[in-house]
Amino acid sequence: MGSLRQITRLSENCVRIFCKQMKDAENASILLRINGIRTGSGLRTAATKADDENIKKFKEGNFEKIPDPNHLDHFRKSQSTETLVESLKDPPPMGTHTLPHPIWSEEELHNVKVTHKPPEGFVDKLAFRSVKLLRSTFDLLTGFNWGERSEKKWVLRICFLETVAGVPGMVAAMTRHLHSLRRLKRDHGWIHTLLEEAENERMHLMTALQLRQPSWLFRMGVIVSQGTFVTMFSGAYLLSPRFCHRFVGYLEEEAVFTYSKCLKDIESGPLKHWQTQKAPDVAIRYWKLPETASMKDVVLAIRADEAHHRVVNHTLASMKEDEYNPYEPGK
């Protein structure tokens with residue numbers, strides 16, 4: 001009986017201690033919740049006060065602790081609208097914004113030769129004969145080989161041919177660009193060379209236009225020929241890039257031949273005054289010619305460009321479409 005009473009008392013004591021601990025824990029939990037509410041409210045109040053102070057400092061121009069938006073990259077503006085509008089009133093001269101392109105040395109300018117790559121296979125022969133047909137037809141329609149080759153005849157011929165010559169590079173670059181996007185594959189470096197070629201031919205045109213402004217009839221002819229040639233060349237490039245690059249290679253062979261003939265007329269023909277006539281400013285900027293450069297120097301530079309395009313397009317025509325372009329930008 002004594003043992004039973006001891007066990008009963010011990011159990012009662014244990015129950016009393018447990019109930020007291022539970023009550024203390026409950027009271028502590030309530031206090032914690034109340035204090036937490038008070039603490040959170042205090043933090044929110046402190047944060048609000050800090051924000052108000054920061055806003056006040058920002059309005060006063062005090063950026064001691066606040067980052068200045070004008071010094072953050074994602075807030076910075078390159079130019080204000082007013083600055084851009086003012087800059088348009090005095091735009092930079094033509095030829096200021098151009099892609100990288102070769103700058104020829106004196107040795108390179110005078111070592112250009114008239115060359116020809118013999119056609120190999122059906123595609124090459126078709127491209128070669130197409131170019132020959134176009135050249136003979138153009139010479140016949142313009143009467144270039146009849147009578148004296150005057151400055152007017154030369155300038156109009158250069159202007160018209162360069163409006164056509166600037167098409168292939170742009171069409172080819174656009175086609176390869178879209179192919180790369182559509183196929184989710186790299187281009188292997190062809191696009192930049194083709195765009196550079198297109199702009200280079202356009203700069204030939206801009207230079208020639210400094211000598212003479214064509215008539216409205218000439219401009220209508222350019223519109224018709226460009227629309228026709230762009231459509232035909234785009235379709236041809238989708239079918240056979242090799243044919244198109246070989247076609248341009250043979251076209252550039254004819255261009256080198258034409259400018260070589262022009263140089264002969266400058267040296268001992270109706271264009272002798274081009275030996276001393278000052279080169280247009282756009283040509284001096286684009287080819288980095290000396291300030292004393294003449295029109296003869298300009299024609300030498302244009303012929304060197306055409307010889308370069310000749311080599312580049314014959315090279316691309318001999319390569320597979322997924323082979324890497326060996327020509328770096330400006331090379």
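Only heavy atoms go into these numbers, but all of them, side chains included; no hydrogens, no water, no symmetry mates. Start at 1 with the first residue, then count along the sequence. Fair warning: this is a prediction, and the values are worked out from it, not measured in the lab.
Counting only distance, with no hydrogens or angles, the side chain of Glu162 and the backbone of Cys159 share no donor-acceptor pair below 3.5 Å. With Gln226 contributing its side chain and Val167 its backbone, the two residues share no donor-acceptor pair below 3.5 Å. Side-chain atoms of Glu196 come within 3.5 Å of backbone N or O of Gly330 as a donor-acceptor pair. Looking at Glu254, its side chain never comes within 3.5 Å of a backbone N or O of Tyr250 through a donor-acceptor pair. No donor-acceptor pair closer than 3.5 Å links the side chain of Ser240 to the backbone N or O of Ala236. Here the side chain of Asn111 pairs a donor or acceptor atom with the backbone of Glu107 at under 3.5 angstrom.
In this structure, Tyr286 and His101 have parallel ring planes: the angle between them is below the 30° cut-off, well short of the 60° mark.
Across Leu133 and Thr137, no two heavy atoms sit closer than the pair O-OG1, 2.7 Å. For the pair Gly189 and Asn325, the tightest heavy-atom approach, listed with the atom from each and the gap, is O-ND2, 2.7 Å. Residue Gly169 comes nearest to Ala198 through the heavy atom pair C-CB, 4.0 Å, listed as atom of the first residue, atom of the second, then distance. A pairwise comparison of heavy atoms in Trp190 and Met319 identifies CZ2-CE, 4.1 Å as the closest pair. The minimum heavy-atom distance between Thr258 and Arg157, with the atom names listed, is CG2-NE, 3.9 Å. Residues Glu108 and Ile103 come closest through the heavy atom pair OE1-O, 4.2 Å.
A salt bridge links Asp124 with Arg242: the distance from a Lys NZ or Arg NE/NH1/NH2 to an Asp or Glu carboxylate oxygen falls below 4.0 Å.
For the residue pair Glu151 and His273, a side-chain donor N or O sits within less than 3.5 Å of a side-chain acceptor on the partner. With no hydrogens or angles considered, a side-chain donor-acceptor pair links His314 and Glu253 at under 3.5 Å. Counting only N and O atoms by type, the side chains of Glu197 and Asn313 include a donor and acceptor under 3.5 Å apart. Between the side chains of Tyr237 and His245, at least one donor N or O lies within less than 3.5 Å of an accepting N or O. Side-chain polar atoms of His309 and Asp305 form no donor-acceptor pair below 3.5 angstrom. Donor-acceptor pairing under 3.5 Å is recorded for the side chains of His179 and Arg182. Between the side chains of Ser180 and Asp187, no donor-acceptor pair of N or O atoms lies under 3.5 Å.
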Please assess Glu201 against Glu306 for the test side chain to side chain contact (heavy atoms under 4.5 Å, CB included), listing each intermediate value before the final yes or no. CA-CA 9 Å; Glu201 299 288 6; Glu306 306 294 9; 3.0 Å; yes
Assess whether salt bridge (Lys or Arg N to Asp or Glu O under 4.0 Å) is satisfied between Lys272 and Asp265, documenting all intermediate values. CA-CA 7 Å; Lys272 283 184 179 181; Asp265 284 355; over 6 Å; no
Can Asp139 and Arg135 be said to form a salt bridge (Lys or Arg N to Asp or Glu O under 4.0 Å), step by step? CA-CA 6 Å; Asp139 289 346; Arg135 164 137 199 168; 3.3 Å; yes
Mind running side chain to side chain contact (heavy atoms under 4.5 Å, CB included) on Thr276 and Ser294 for me, showing each step along the way? CA-CA 6 Å; Thr276 55; Ser294 65; 5.9 Å; no
Test log, rule side chain to side chain contact (heavy atoms under 4.5 Å, CB included), inputs Phe247 and Leu134: CA-CA 11 Å; Phe247 175 88; Leu134 287 176; 3.6 Å; yes
Would Cys244 and Val248 count as a side chain to side chain contact (heavy atoms under 4.5 Å, CB included) if you check the C-alpha gap in whole Å, the side-chain angles of each, and the deciding distance to 0.1 Å? CA-CA 6 Å; Cys244 291; Val248 177; 5.6 Å; no
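The closest side-chain heavy-atom distance from Pro214 to Val222 is not below 4.5 Å. Side-chain contact between His97 and Glu199: absent, with no pair of heavy atoms (C-beta onward) separated by less than 4.5 Å. A heavy-atom distance below 4.5 Å is found between the side chains of Trp146 and Leu140. Residues Asp281 and Arg285 have side chains in contact (heavy-atom distance under 4.5 Å, counting atoms from C-beta outward). Side-chain contact between Ile266 and Leu263 is present, with heavy atoms from C-beta onward closer than 4.5 Å. Residues Glu120 and Lys125 form no side-chain contact, since every pair of their non-hydrogen atoms from C-beta on lies 4.5 Å or further apart. Looking only at side-chain heavy atoms (C-beta outward), His204 and Ile158 stay at 4.5 Å or farther from each other. Put simply, the side chain of Arg212 does not reach to within 4.5 Å of the side chain of Trp154, judged on heavy atoms.
The ring of Trp104 has its center no closer than 6.0 angstrom to the ring center of His110. Not less than 6.0 angstrom separates the ring centroid of Phe138 from the ring centroid of Phe144.
When the side chains of ILVMFWY residues are joined at heavy-atom separations under 4.5 Å, either directly or via intervening members, Leu161 and Tyr259 end up in two distinct hydrophobic clusters. Taking hydrophobic clusters as Ile, Leu, Val, Met, Phe, Trp and Tyr residues chained together by side-chain heavy-atom distances below 4.5 Å, Met174 does not share a cluster with Leu99. By the criterion of side-chain heavy atoms lying less than 4.5 angstrom apart, applied directly or through intervening Ile, Leu, Val, Met, Phe, Trp or Tyr residues, Ile223 is grouped together with Trp216 in one hydrophobic cluster. Side-chain heavy atoms closer than 4.5 Å link hydrophobic residues (I, L, V, M, F, W, Y) into clusters, and following such links, possibly through other members, connects Val282 to Val299. A continuous path of Ile, Leu, Val, Met, Phe, Trp and Tyr side chains, each step under 4.5 Å between heavy atoms, connects Val131 with Phe233, placing both in one hydrophobic cluster.
If you take CG on Leu251 and NZ on Lys132, they are separated by 11.0 Å, rounding to the nearest 0.5 Å. Summarising the geometry, atom OG belonging to Ser234 is positioned 9.0 Å from atom CZ belonging to Phe229; distances are rounded to the nearest 0.5 Å. Note that the CE atom of Met295 and the CD atom of Gln277 stand 6.5 Å from one another [nearest 0.5 Å]. A distance of 14.5 Å separates CG in Leu211 from NZ in Lys152, rounded to the nearest 0.5 Å. In this structure, the separation between CD1 on Ile191 and CG on Leu194 is 8.0 Å, given to the nearest 0.5 Å. Separation of atoms CG (Leu109) and CG (Asp297) is listed at 8.0 Å; rounding is to 0.5 Å.
For the pair Arg246 and Phe128, the cation-pi criterion (under 6.0 Å, within 45° of the ring axis) is not fulfilled.
Lys278 NZ: more than 12 foreign heavy atoms inside a 6.0 Å radius.
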